[in-house]
Amino acid sequence: MATTEPLNQWETAALKTQLAHWRTQYDGLRGGNLKLDLSRGKPGLEQISLSDGLDGVLDGNFIAADGTDTRNYGGVRGIAEARGLGSELMGVPAENIIAAGNSSLSVMHLVLRTATDLGLWSDERTWSRSDKRKLLAPVPGYDRHFALSEHFGIELIPIPMTEHGPDMEAARAAVSDPSVKGIWCVPKYANPTGCTYDHDTVAALAQLPALAAADDFVVLWDNAYAVHDLGDEGDVLASVFDAANTAGTGDHVVQFASTSKITHAGAGVAFIAASTTVLNALDKHLSVFTIGPDKVNQLRHVKFLQGRLQDHMADHATIIRPKFDLVEEIFSRELGGLGIAQWTKPRGGYFVSLDVRPGLARKIIAMAKDVGLTLTPAGATFPYGNDPQDQNIRIAPTFGSMEEIHAAMDILTLCIKAASAEQILAGL
Ligand SMILES: Cc1ncc(COP(=O)(O)O)c(C=O)c1O
């Protein structure tokens, strides 16, 4: 490259020449039968293989610590030692935890369903009393939270993410509307920005139910990446459980986690943490839904992870850290100083969030697709697929091999450079 001056300050002739070069490179990729993918927030083969020891760990002993035979029905809240595992993950006392089935999304579904129809407090406060129901959605955020909310006919109100967590001024202003019933949060290594909410933001979120006009407001705390540090020292997330108890809002915070990205994705154990009042209300719905969770799998997980959760997560980090480093290295090398993109450098979790020049995300994703690279669909990180600036792209580097990520990042950065140069030249 001629220079690493911001691209919009290049001489027009130099930029045109450079664009022609990038275009030639891009055209050379056509018809190459490439099949690359940076869209899947899934653990790679090496990662899931770390937990193959789950198979056989029980060695014929299916009896839980309290004598429960896990092969038989019952125990809607899960076995005690699985609730203990949830306690270790979420930093909440085991008596405040339900150890459920294989997916935290399904227990989020349960909570939204209960909040809507039965109420989370076993009283008259159900969301279905209100004609309109809304949830606050920090953006960019997790598309499945949006899909779940839409499934229940709940409108989503975007709240900007800052480097400290959701913009609390915007959140406080929004909760004066009584139809706003809660807020989605991914508090540690947020999907997709990688942000860990700071202590003030956690405290402010714990106070939000007390400020809300709705008396049935809930903070939905999806701590999916609670132990998913990339380095030796992870980010420290303040306890929302303690903060809510201090703020007197303990009945209005419901937490979620799962082992999906700890052991086998979609074949693990999910957890809910909440006050006794809320857990009692959830029990009513849950006990109609199932006679009990898969306790055999719960016991397997406890035996497999007991006393070695940290080491196990360090093994994950050893596998995926080089992939995140590679993304950072190629972004810096190819785009550094050009002023055409910003990206996050997460200290944990599964994603890198990339912002390109406004108006270009959709185009770049389409350009990449045309030469064999699949990226997360444009707008996916915003409710209704509507990224108002058309600039955010979620990068998921865990699934592919180093070679695939390298090839994919070369293509992505080439598309960003070519599309940006075209846009700049078109605006001159
Ligand atoms: C923030 C967040 N929550 C939940 C999930 C899914 O969790 P589970 O497999 O437990 O349903 C994901 C998966 O990517 C996620 O990123």
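When a ligand or atom number is given, it counts from 1 through the structure's own listing order. Quick note: residue numbers are just sequence positions, from 1.
For ligand 1, the atoms lying closer than 4.0 Å to a non-hydrogen atom of Ser103 are 10 (O), 11 (O). Under a 4.0 Å criterion applied to the non-hydrogen atoms of Ala224, ligand 1 contributes the atoms 1 (C), 2 (C), 3 (N). Against a heavy-atom cut-off of under 4.0 Å, Val186 is close to the following atoms of ligand 1: 1 (C). Set against the non-hydrogen atoms of Ser258, the atoms of ligand 1 under 4.0 Å away are 8 (P), 10 (O). Taking a cut-off of under 4.0 Å to the non-hydrogen atoms of Tyr225, the atoms of ligand 1 that pass are 1 (C), 13 (C), 14 (O), 15 (C), 16 (O).
Of the protein's heavy atoms, Tyr142 OH, 3.1 Å lies nearest to atom 12 (C) of ligand 1. The single protein non-hydrogen atom nearest to atom 13 (C) of ligand 1 is Lys261 NZ, 3.0 Å, given as residue, atom name and distance. The closest protein non-hydrogen atom to atom 7 (O) of ligand 1 is Ser104 OG, 3.1 Å.
Between the choices Asn102, Asp222, Val107, the shortest heavy-atom distance to atom 4 (C) of ligand 1 belongs to Asp222. The residue from Ala267, Ser260, Ala396, Gly268 that puts a heavy atom closest to atom 9 (O) of ligand 1 is Ser260.
Although no hydrogens or angles enter the test, the distance criterion places no donor-acceptor pair under 3.5 Å between the side chain of Thr259 and the main chain of Ile262. Side-chain atoms of Ser128 come within 3.5 Å of backbone atoms of Thr116 as a donor-acceptor pair (strictly under, hydrogens ignored).
Residues Phe351 and Tyr225 have side chains in contact (heavy-atom distance under 4.5 Å, counting atoms from C-beta outward).
Ion pair Arg125/Asp215 not flagged as a salt bridge, since none of the NZ, NE, NH1 or NH2 atoms sits closer than 4.0 Å to an Asp/Glu carboxylate oxygen.
Counting non-hydrogen atoms of other residues, nucleotides and ligands closer than 6.0 Å to CD of Glu169 gives a total of 12 or fewer.
Using a 4.0 Å cut-off between heavy atoms, Arg144 makes no contact with ligand 1 at all. Residue Leu105 touches ligand 1 through backbone and side chain together, judged by heavy-atom distances below 4.0 Å.
Side-chain atoms of Asp198 and Thr201 form a donor-acceptor pair, as typed in the model, at a separation below 3.5 Å. Side-chain atoms of His109 and Ser103 form no donor-acceptor pair, as typed in the model, at a separation below 3.5 Å.
If you run ring pair (Phe, Tyr, Trp, His ring centres under 6.0 Å) between His145 and each of Trp221, Phe382, Trp184, Phe256, only Trp184 comes through.
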